[in-house]
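Worth knowing before you read on, the calculation uses all heavy atoms, side chains too, and leaves out hydrogens, waters and symmetry mates. Because the structure is a prediction, the values reported are computed rather than measured. Below, chain A is the first sequence line, B the second, and so on; all start at residue 1.
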Amino acid sequence: MRRIIGIVLLAIVVLGITLSLAEIPFGTPKTHVGDYYVNEGVKETGAVNIVTSVVLNYRGFDTLGEITVLFIATIGLGALLKTHKERKKKRDVTPASLVLSTGCRFLFPLLIVFAIYIIFHGHLSPGGGFQGGAIIASAFLLTYLGCNRARANERRYKLIESSGGLVFVIVGVLGLIFGGYFLLNFLPKGTPFSLFSAGIIPIIYIAIGLKVGSELVSVIDNMVGESV
Amino acid sequence: MIYYIGAFGLVFIGLYIMLTKRNLIKVLIGLNILDTGVNLFLISIGYVGKGTAPIFSRGSEQVLMVDPVPQALVLTAIVIGVAVLALALSLAIMLHKHYGTLNLRKVKEQRW
């Protein structure tokens, strides 16, 4: 019964969406603002990666809102799982074998170095704070799964997370002080294609990388601590 | 056009799973598939015929590039999708602790 209702409902939705989608041409430019960003982005922001300049310069305030959503989601997860933390009996965990634990100790620094590379080159190549933060979290996930009883220090990642958000807001307020606009790119743009260019963009991306990485680590930490 | 079909195929699969399945974990999997489909649709809307990724490389002449705005939106939407999924999974953990089951119909029967 439920399945039939589902299929009928879905058929109506499919019909509606197909009729409206047939009007949208594929492969043609649809926004003028996209053209503007592509043509003027390098001159105005100094970042070669146009996506980065959109994320952090033209729509920096939007990104601030999005990392706030991320922050609230992780806070909610921590609050949900922490309040019900009764002392459970110690689980019998089979220790990881020598190959696994040595391998993850070997891979962990390499993953962190790769994440740092991705974060620092966010304005030059594909990558940036969000992607690098996800790689940091995957490195920690590897240690949680492979190394024996390795845990991240809770106070430390909370500190990194908060300071990342604080750096973002402080840079924005500095733009307000120096230029009159929140998140104004007040630092010198530098020459395109060099590592130290694009003004405030690399600073904010480092802050976002640390923030996203520590938030995802806290998600993993809370989930691993839970035994259903 | 095939991109639109693929993206909305994923959306419909996710929607169907969310409508018909009773296990909460399966519903969340459907939610995640739907999320992926929406992201794919946003990216394919920004595509410009024969365009490259909107990143300039050294020594290249002026080339046609795709629209960077949907890509910037999806970049953050992916990370937020992960966080929302984690929050939903933690709610599922609490539900399982409280009721001892993840079947939504049984949860409804039990009330408290």
Side-chain angles (χ1 to χ4, degrees), chain A residues 2-3 5-7 9-10 13-14 17-18 21 24 26-31 33-35 37-38 41-42 48-55 58-59 62-63 66-67 69-74 76-78 80-81 84 124-126 128 130-131 133-134 192-193 212 215-216 219 222-223 226 228, chain B residues 1-5 7-8 11-13 15-22 41 44-51 53-59 62 64-80 82-94 96-98 102 105:
Chain A
R2 212 178 145 105
R3 187 160 298 174
I5 294 175
I7 288 173
L9 211 65
L10 215 57
V13 176
V14 167
I17 286 180
T18 329
L21 263 190
I24 303 177
F26 178 72
T28 54
K30 290 176 192 66
T31 57
V33 72
D35 273 348
Y37 291 155
V38 167
V42 177
V48 199
N49 187 343
I50 304 297
V51 177
T52 300
S53 68
V54 172
V55 167
Y58 293 112
R59 293 175 173 261
D62 193 36
T63 308
E66 267 157 354
I67 62 170
V69 171
L70 195 64
F71 178 68
I72 291 169
T74 46
L77 183 139
L80 266 176
L81 293 183
H84 262 249
L124 300 175
S125 59
F130 289 99
Q131 296 92 325
F193 297 110
V212 170
E215 270 165 357
L216 294 181
V219 166
N222 282 323
M223 287 274 186
E226 203 64 23
V228 176
Chain B
M1 206 64 205
I2 189 85
Y3 294 98
Y4 288 168
I5 296 168
F8 272 97
V11 170
F12 293 140
I13 291 169
L15 210 57
Y16 178 74
I17 293 172
M18 285 174 76
L19 283 173
T20 54
K21 297 295 174 190
R22 298 203 182 85
F41 175 65
S44 64
I45 262 196
Y47 181 70
V48 178
K50 296 193 173 59
I55 298 168
F56 288 94
S57 47
R58 214 188 288 264
Q62 194 68 28
L64 196 62
M65 285 179 178
V66 300
D67 197 344
V69 180
Q71 300 206 355
L73 295 179
V74 169
L75 173 66
T76 45
I78 291 171
V79 179
I80 287 177
V82 170
V84 168
L85 184 72
L87 184 63
L89 277 174
S90 74
L91 281 173
I93 291 172
M94 297 319 293
H96 187 270
K97 261 190 190 157
H98 197 91
L102 278 173
R105 174 165 286 186

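- Taking the side chain as every heavy atom from C-beta outward, A:R59 and B:V69 approach each other to under 4.5 Å.
- Of the listed residues (A:V55, A:T63, A:D62, A:N49), the greatest number of heavy-atom pairs within a distance under 4.5 Å of chain B belongs to A:N49.
- For A:V212, the part lying under 4.5 angstrom from a heavy atom of chain B is the side chain only.
- The two residues A:V54 and B:A72 have their closest heavy-atom pair at CG1-CB, 3.7 Å.
- The number of heavy atoms from other shown groups lying within 6.0 Å of OH (B:Y4) is above 12.
- Two residues are said to be in side-chain contact when any heavy atoms from C-beta on lie closer than 4.5 Å; A:L81 and B:M94 meet this criterion.
- In this structure, chain A has no heavy atom under 4.5 Å from any part of B:V11.
- Ranked by heavy-atom pairs shorter than 4.5 Å toward chain A, the options B:P54, B:A83, B:P70 are led by B:P54.
- If you measure heavy-atom distances from A:I5 to chain B, you find no contacts under 4.5 Å at all.
- When all heavy atoms of B:F12 and A:L10 are compared, the closest pair comes out as O-CD2, 3.8 Å.
- The part of A:L9 that comes within reach of chain B is its side chain, from C-beta onward, which places non-hydrogen atoms under 4.5 angstrom from that chain.
- Contact check for B:I78 versus A:F130: no side-chain heavy atoms found under the 4.5 Å cut-off.
- Both the backbone and the side chain of B:L91 come within less than 4.5 Å of a heavy atom in chain A.
- Considering all non-hydrogen atoms of both residues, A:G76 and B:L87 come closest at C-CD1, 3.7 Å.
- Partners of A:I7 according to the side chain to side chain contact (heavy atoms under 4.5 Å, CB included) rule, which considers only residues two or more places apart in sequence or in another chain, are A:R3, B:Y16.
- Looking at A:V38, the atoms closer than 4.5 Å to chain B (heavy atoms on both sides) sit in the backbone and in the side chain alike.
- Of all heavy-atom pairs between A:L77 and B:A86, the closest is CD1-O, 3.1 Å.
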* Start with the C-alpha distance between A:E66 and B:V79, add both sets of side-chain angles, then the distance that settles side-chain contact (heavy atoms from CB on, under 4.5 Å), and finish with yes or no. => CA-CA 9 Å; A:E66 267 157 354; B:V79 179; over 6 Å; no
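- For a residue to count as touching a neighbouring chain, one of its non-hydrogen atoms must lie under 4.5 Å from one of that chain's; by this rule A:S53 does not touch chain B.
- Interface remark: A:E215 contributes no atoms to any contact with chain B (heavy atom separation under 4.5 Å).
- Interface residue A:V219: only side-chain heavy atoms are found under 4.5 Å from chain B.
- No side-chain heavy atom of B:Q71 sits less than 4.5 Å from a side-chain heavy atom of A:I50.
- Of the listed residues (A:V48, A:V69, A:I67), the greatest number of heavy-atom pairs within a distance under 4.5 Å of chain B belongs to A:V48.
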